[in-house]
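Report on one structure; see the data block that follows.
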Amino acid sequence: MAESVNGIFKGIRALPIVSLVQHTYWRLVEKFDKYRLETGAEIRSGPSQFSTKCEELMKAWSQKAVGHSVTALDRRQGIYVVQTPPNNFNMTGSNTLTVHFDDPNRTGFCTCGEFQGNKITCSNAIAACNRMGASAYRFVNNVYKLETVMACYGTSFAPLGEPKCWKKHNDPTIHPNLDMIRKPGRPISTRIHNEMDWPREGSSQQVGHNASTCGGQASGSGSNRRGSGGQRSARGGRRGGSRGNRRG
């Protein structure tokens, strides 16, 4: 939810409050209309009652479930143990996981965490469903059904109208805390220093020593540059003299 709000407010945070409300309103109207059209097209395009994202994930996990081996611990309670095959490419797999179906509520649990986390039948649960002869879509949450998505984005928006016609609010006026405004300049670091920040024993590092406070290095480098410039001029003079002697 926070990421969605940040996406709406991106680039408009500094606008006045009226412009901020208007921009947010029209962005929401545009998005709801877009998702209504997409969901309606999915409903008309095929017999599937689940969203395209859900179908793609179920297809990928169904292919992955082919190599799983399943052992039934308790068919009446819907408890199965699933063994995944080894993956010699990245040295993973060979995991033993437990799947537990709650058939009356059409929910499930898997020790991999994806089943109850995504509310979609994971590859382990699909393998267990194939073993007990049940449809894996039975345990997919209703939020992925197209009719649920259409009901979510079917809400209509009332006309916003002109700002001068908006109702006056009676809520308390909120003023910003001026002490929380960031001061100009670079902020002061609040990180706690440890032994990694201390100069090591025997090192040439000096506390408070930098390019702006190093007078010796700056003067030395300048003198070297001036010295090199003098040497160049002296070389130029010798070359000019030798050329003059040759011409004479």
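Everything numeric here is computed off the predicted structure, so don't read it as measured data.
- Ring geometry for Y25 versus F157: interplanar angle over 60°, hence perpendicular rather than tilted (30 to 60°).
- Distance NZ/K34 to OH/Y153: 10.0 Å, rounded to 0.5 Å.
- Closest non-hydrogen pair, A136 versus T121, comes out as O-OG1, 2.7 Å.
- Of the inter-residue distances, the one linking L28 atom CG with H23 atom NE2 reads 9.5 Å to the nearest 0.5 angstrom.
- Proximity of F32 to S156: side-chain heavy atoms (C-beta onward) are nowhere separated by under 4.5 Å.
- Screening Q83, H68, K64, E114 for a side-chain contact (heavy atoms from CB on, under 4.5 Å) involving N124 leaves a single residue, H68.
- V99 and F139 fall within a single hydrophobic cluster, where Ile, Leu, Val, Met, Phe, Trp and Tyr are joined by side-chain heavy atoms under 4.5 Å apart, directly or via other members.
- Note: R131 CZ to S69 OG = 9.5 Å, rounded to the nearest 0.5 Å.
- Annotation: side chain of V21 is not in contact with side chain of T24 (no heavy-atom distance under 4.5 Å).
- Two residues are said to be in side-chain contact when any heavy atoms from C-beta on lie closer than 4.5 Å; E55 and Y137 meet this criterion.
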Q: Step by step, work out the side-chain contact (heavy atoms from CB on, under 4.5 Å) result for K59 and L57.
A: CA-CA 5 Å; K59 181 179 179 181; L57 193 58; over 6 Å; no

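- Taking the side chain as every heavy atom from C-beta outward, V149 and E42 never approach each other to under 4.5 Å.
- Formation of a donor-acceptor pair under 3.5 Å by the R36 side chain with backbone atoms of T155 is found in this model.
- Residues W61 and I120 meet the side-chain proximity criterion, which asks for heavy atoms closer than 4.5 Å.
- One hydrophobic cluster, built from ILVMFWY side chains closer than 4.5 Å, cannot hold both V70 and L73; they sit in different ones.
- Using a 4.5 Å heavy-atom threshold, the side chains of D33 and V29 count as separate.
- Using a 4.5 Å cut-off between side-chain heavy atoms of Ile, Leu, Val, Met, Phe, Trp and Tyr, with links allowed through other members, M132 and V81 fall into different hydrophobic clusters.
- Rounding to the nearest 0.5 Å places CZ of R27 at 7.0 Å from CD1 of I12.
- Counting heavy atoms of neighbouring residues, nucleotides and ligands inside a 6.0 Å radius, atom CG of N170 does not exceed 12 of them.
- For the atom pair L97 CG and N95 CG, the distance stands at 5.5 Å (nearest 0.5 Å).
- In this structure, I17 is not a member of the same hydrophobic cluster as I181, with clusters built from ILVMFWY side-chain heavy atoms closer than 4.5 Å.
- Heavy atoms only, all atoms of each residue included: Q77 and D74 are closest at N-OD1, 3.3 Å.
- Distance NZ/K145 to SG/C54: 10.5 Å, rounded to 0.5 Å.
- Inter-residue side-chain proximity for C110 and T98 is flagged as unmet; no heavy-atom pair is nearer than 4.5 Å.
- Judged by distance alone, with hydrogens and angles left aside, the side-chain atoms of S19 form no donor-acceptor pair with the main-chain N or O of L15 at under 3.5 Å.
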Q: Just do the side-chain contact (heavy atoms from CB on, under 4.5 Å) check on M150 and Y35 with the steps written out, would you?
A: CA-CA 8 Å; M150 179 60 76; Y35 294 142; over 6 Å; no

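- Proximity of the aromatic rings of Y144 and F50 is defined here by a centroid distance below 6.0 angstrom, and this criterion is not met.
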Q: Please assess R138 against D103 for the test side-chain contact (heavy atoms from CB on, under 4.5 Å), listing each intermediate value before the final yes or no.
A: CA-CA 9 Å; R138 178 181 178 84; D103 192 65; 3.0 Å; yes

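- Proximity of Q49 to L146: side-chain heavy atoms (C-beta onward) are nowhere separated by under 4.5 Å.
- Under the 6.0 Å cut-off for aromatic ring centres, F115 and F109 do not qualify, their centroids lying 6.0 Å or more apart.
- The two residues G67 and P85 make their nearest non-hydrogen contact at O-CD, 3.4 Å.
- Hydrophobic cluster membership differs between L37 and W26, with clusters built from Ile, Leu, Val, Met, Phe, Trp and Tyr side chains linked at under 4.5 angstrom.
- Results of the side-chain contact (heavy atoms from CB on, under 4.5 Å) test with K119 over V140, N141, N142, T107 single out N141 as the only residue that passes.
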